[in-house]
Amino acid sequence: MTLTANGFHSCRLWQAFKLSRTLRVSHNSSTRLITTKAYSGKEKERLLKGVTVEHREDVARVLEQGQQAESTWTAVFTDFYTPPVIADALQALKFVPDVHPEAWGGYEMAERKRIKLSRADMPEDLGALTAGVSAIWVKGNFIFDSATHRDFLGACLGTGIERSKVGDILVQGERGAHILVVPELVSHLEMSLTSVRSVPVSTRQIELSELAVREVKVQELKSVEASLRLDAIASAGFRPSRSKIVDMVKAGDIR
């Protein structure tokens, strides 16, 4: 585990699968001693079977957090993940019947989401699910110096936080952006996020119900392509040249 000066930490939990832990928790006004048996090597490989290689470390961490939720009778939230990682994690969790996962990113069509992990025999709590994501409004006058999604993301990361703590960024044109983040970093961003590009900004928390989400427009197209490569499919669907699509894929703008 590494700990930064600001108190934000990142850890890789591969070794956690090899450890057993003893936890003392309070539940229903009584204290119980719980010993958590870590996944064996075979169990871990069984759960990670079929998971894309580049996602295995993230999914392994989600499984460890699911084990924590099961043993402590508490809800545990993961970091924000992209749709492919979320899909792999939810698939792996299907083989852990005692853990109930719910993915949520702050609004219905969110791309980046967190997974709330709780015991399957605990009652569902919508309030607990929504409590895992907060929204901030980064407000400024961007008429003469427009800012993109990447600019707002860079400004957030420039305050010392990790990418995994930031969800979707909803750019609001010349007014700024609504940004989904983990709740524990709201106060930090309100104090530290003071400019984007050359524009001074104010940052404050808003309710999730205040998010300005663009309506999703869907158009069905039919096309015959010689390859299922992403650049070929995206070019057929969005109509720019394949070379432009390739540049956007390399930049991470299309996945």
Rounded to the nearest 0.5 Å, what separates atom [atom1] in [X] from atom [atom2] in [Y]?
X: Leu153; Y: Leu157; atom1: CG; atom2: CG; value: 4.5 Å
X: Ile143; Y: Arg175; atom1: CD1; atom2: CZ; value: 11.5 Å
X: Met191; Y: Thr159; atom1: CE; atom2: OG1; value: 10.0 Å
X: His100; Y: Ile115; atom1: NE2; atom2: CD1; value: 11.5 Å
X: Gln91; Y: Ile86; atom1: CD; atom2: CD1; value: 13.5 Å

- request: Check the pair Leu185 / Val166 against side-chain contact (heavy atoms from CB on, under 4.5 Å), numbers first and verdict last.
  value: CA-CA 9 Å; Leu185 291 183; Val166 182; over 6 Å; no
Measuring only between side-chain heavy atoms, which start at C-beta, is [X] closer than 4.5 Å to [Y]?
X: Cys156; Y: Leu193; value: yes
X: Leu117; Y: Phe77; value: no
X: Tyr81; Y: Asp58; value: yes
X: Ile161; Y: His188; value: yes
X: Phe142; Y: Val196; value: yes
X: Phe80; Y: Val133; value: yes
X: Thr194; Y: Pro200; value: no
X: Leu63; Y: Leu48; value: yes

Do side-chain atoms of [X] reach the backbone of [Y] as a donor and acceptor pair under 3.5 angstrom?
X: Gln172; Y: Ala212; value: yes
X: His178; Y: Ile206; value: no
X: Thr52; Y: His55; value: no
X: Glu190; Y: Gln205; value: yes
X: Ser192; Y: Leu189; value: no

message: Is the positively charged end of Arg119 above the ring of Trp73, judged by distance under 6.0 angstrom from the centroid and angle within 45° of the axis?
response: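 Flagged: Arg119 positioned over aromatic ring of Trp73.
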- request: Could you list all the salt bridge (Lys or Arg N to Asp or Glu O under 4.0 Å) pairs where at least one residue sits in residues 87-102, not counting sequence neighbours?
  value: Glu102-Lys116
May I ask whether [X] and [Y] are part of the same hydrophobic cluster, defined by side-chain heavy atoms of I, L, V, M, F, W, Y residues being less than 4.5 angstrom apart, directly or through others?
X: Met109; Y: Leu208; value: yes
X: Leu180; Y: Ile169; value: yes
X: Val199; Y: Trp137; value: yes

- request: Start with the C-alpha gap between Asp79 and Arg163, add the side-chain angles, then the distance that decides, and say whether salt bridge (Lys or Arg N to Asp or Glu O under 4.0 Å) holds.
  value: CA-CA 9 Å; Asp79 286 335; Arg163 179 66 179 98; over 6 Å; no
Taking all non-hydrogen atoms of both residues, which atom of [X] and which atom of [Y] are closest, and how far apart?
X: Leu47; Y: Ala92; answer: O-CB, 3.4 Å
X: Ala135; Y: Leu211; answer: CB-CD2, 3.8 Å
X: Pro183; Y: Ala131; answer: CG-O, 3.2 Å
X: Ala75; Y: Ser118; answer: CA-CB, 4.4 Å
X: Thr148; Y: Val171; answer: C-CG2, 4.2 Å
X: Ser146; Y: Asp151; answer: O-OD2, 4.2 Å

task: Walk me through it: do Ile179 and Leu170 pass the test side-chain contact (heavy atoms from CB on, under 4.5 Å)?
output: CA-CA 6 Å; Ile179 304 177; Leu170 307 174; over 6 Å; no
message: For Glu207, I'd like to know if atom CD has over 12 heavy atoms of other residues, nucleotides or ligands within 6.0 Å.
response: no
message: For Glu108, is the CD atom crowded, meaning more than 12 foreign heavy atoms sit under 6.0 Å from it?
response: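 Counting other residues, nucleotides and ligands, CD of Glu108 stays at 12 neighbours or fewer.
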message: For a side-chain contact (heavy atoms from CB on, under 4.5 Å) check, start with the C-alpha distance between Glu111 and Thr82, then their side-chain angles and the critical distance, and finish with the verdict.
response: CA-CA 7 Å; Glu111 177 181 353; Thr82 59; 5.6 Å; no
message: Evaluate Thr130 against Trp104 for side-chain contact (heavy atoms from CB on, under 4.5 Å), listing each step before the verdict.
response: CA-CA 7 Å; Thr130 59; Trp104 173 247; 4.1 Å; yes
For residues 222-233, tabulate all N or O donor-acceptor pairs below 3.5 Å that involve a side-chain atom, not counting sequence neighbours.
unit_1	atom_1	unit_2	atom_2	d
Ser223	OG	Glu225	OE2	2.5
Ser227	OG	Arg229	N	3.0
Arg229	NE	Asp231	OD1	3.1
Arg229	NH2	Asp231	OD2	2.9
Asp231	OD2	Arg242	NH2	3.2

message: Applying side-chain hydrogen bond (donor to acceptor under 3.5 Å, both in side chains), can you list everything that pairs with Glu174, at least two apart in sequence or on another chain?
response: none
